[in-house]
S.K.: 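Just dropping this structure here.
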Amino acid sequence: MRTASPRGCARGAAVGVLLVLSVVDLEVASEEGYSVWPPAAVLVTGLAAVLWPPHRRPAWLTPQRRTAVPALLSVLYSVMTYVLDEETPFGPGETVVLLCLLHVAVRHCPPRWAVACGALNAGALLLSPVRYFHTLWTVDAAALDLAAVILIGLTAGAAAYRRSLDYRRNVTIADTRREERLAIAADLHDFVAHHVTGILVQTQMARMMATTAPTPTSTTMPPGLDPVLAGIERAATEALASMRRTVGVLREAGPDADRRPVGDLAGIADLTEAFTTPSPTLTVDAPDDLPHEVQAAAFRVVQESLTNVRRHAADATTVTVAVRHDAGRLDVTVTDDGRGGTQLPAEAHGGGFGLVGLTERVTALGGTLDTGPRPASPGWRVRASLPTNGRARRG
């Protein structure tokens, strides 16, 4: 059984008070011999505008209509009473309803309509003493209007403050989405660049192997060319898949679309398997139920490291990838024995987020990233340590 929240209890109490005050208005009018239909029309319209559930509210019932129509009925009631020189009461129920509608107008109406509808509700509230005093220049009427002015100021001020909070919240959400899209743009480059770099390397290998054919017109495929071409096809397919997923996020596809680029511990095996010449040695000693953001960061560390091997250490003969989980931390280490040789054209270097973006991603989770030459042998080492025990900062 669900228990009522304090906010729900407060809302229910406020609705109850509003209904009781409205009944008081009608009781006073009835006991003093006045017609209850005019105040009933104002109260029913106002209560419907205030209490209509948002999820059941029709599209045509805009904040402008919700706040303007009851206020117009109240003004019309006051003017008709004054013109007909009749004395009718005004009660606390209508006052509270008009104040609620003033709050709705200032907070939810478009800027221009907020001023107009707010002024209309304030005017209806200030005009209501005319029904009883037939003028606003008596001491009693002036005292009531002074109290009404104070209530109008407090209500409008509270509504304007909440409107400013809503605006700041929307700005914060928009900034967060913009930052997320920038991060996704970084993923777009790094995910696709990894595979495209592989296409460049393997294509160059295929061209060199093709030149070893016996004659220029020979149709015989040199030995070993078929696996290389298969690797090109696989890398191109992965590039298109990564591009499609990430671009789908940037274009805000439907709510059921896959909005997150794939990257986890299971994907590291596919990543290393697709990396050829040399084939990396992979060791994974970690559970598969780690937080997704930790697994995605580990995947990115391996991906960026292998990409850098292709770019800057094409002469490497050994590449080792180790993923280990111990004492609440996931350690990811990628080493190679390359000496800096590369066969990539100059256009394939630079221009990416690289290790700078990778460092930001790792440190955002409370981890550390160390990169540099191997201490006792030639080559390069990338090592990331990520917390997995809940202390990681999550955005």
Side-chain angles (χ1 to χ4, degrees), residues 186-187 189-209 224 227-228 230-232 234-239 242 261-284 296-324 330-359 361-362 368-386:
D187 282 343
H189 172 273
D190 291 331
F191 273 75
V192 177
H194 172 79
H195 301 301
V196 172
T197 303
I199 294 174
L200 285 173
V201 173
Q202 296 188 68
T203 301
Q204 288 182 338
M205 292 179 60
R207 293 178 63 187
M208 288 188 300
M209 296 176 68
V228 174
I232 294 175
R234 181 171 60 251
T237 303
E238 292 173 353
S242 295
V262 175
D264 53 17
L265 296 184
I268 293 177
D270 297 333
L271 197 64
T272 56
E273 182 180 352
F275 189 91
T276 57
T277 60
S279 180
T281 301
L282 174 63
T283 302
V284 178
F299 180 89
R300 286 287 294 109
V301 168
V302 176
Q303 184 183 55
E304 180 65 25
S305 300
L306 295 181
T307 299
N308 286 336
V309 170
R310 282 174 171 167
R311 287 177 175 173
H312 308 295
D315 59 341
T317 59
T318 303
V319 178
T320 303
V321 179
V323 181
R324 293 184 175 85
L330 182 69
D331 293 327
V332 182
T333 305
V334 181
T335 59
D336 66 82
D337 61 354
R339 298 177 181 270
T342 180
Q343 298 175 349
L344 293 183
E347 292 79 2
H349 295 280
F353 294 88
L355 294 178
V356 175
L358 192 61
T359 301
R361 184 185 291 260
V362 172
T368 58
L369 180 69
D370 298 321
T371 62
R374 298 171 65 182
S377 56
W380 196 264
R381 182 184 69 178
V382 177
R383 183 178 183 274
S385 180
L386 299 162

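Given the structure is predicted, the values throughout are model-derived calculations rather than measurements. These values consider heavy atoms only, across backbone and side chains, with no hydrogens, waters or symmetry-generated copies.
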S.K.: For Gly338 versus Ala313, what's the shortest heavy-atom pair and its separation?
M.R.: CA-CB, 3.9 Å

S.K.: Can you tell me how far the CG atom of Leu330 sits from the CG atom of Leu265, to the nearest 0.5 Å?
M.R.: 6.0 Å

S.K.: Per the side-chain hydrogen bond (donor to acceptor under 3.5 Å, both in side chains) rule, which among Thr333, Asp370, Thr368, Asp331 passes with Ser385?
M.R.: Asp331

S.K.: Return the minimal non-hydrogen interatomic distance between Ala384 and Val301, and the atom names on each side.
M.R.: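 Nearest pair, atom of Ala384 first, then Val301: CB-CG2, 3.8 Å.
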
S.K.: Do you know which two heavy atoms are closest between Arg324 and Ala322, and how far apart they sit?
M.R.: NH1-CB, 3.2 Å

S.K.: Just one of Ile268, Val382, Leu271, Asp336 clears the side-chain contact (heavy atoms from CB on, under 4.5 Å) bar with Leu306, so which one?
M.R.: Leu271

S.K.: Identify the two heavy atoms, one from Val309 and one from Ala316, that lie closest to each other, and give their separation to 0.1 Å.
M.R.: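 Distance-wise, the nearest heavy atoms are CG1-CB, 4.4 Å.
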
S.K.: I need the minimum non-hydrogen distance between Asp264 and Phe299, along with the two atoms involved.
M.R.: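 Minimum heavy-atom contact is O-CD1, 3.5 Å.
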
S.K.: Indicate the atoms forming the closest heavy-atom contact of Pro280 with Phe275, along with that distance.
M.R.: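 That would be CD-O, 3.4 Å.
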
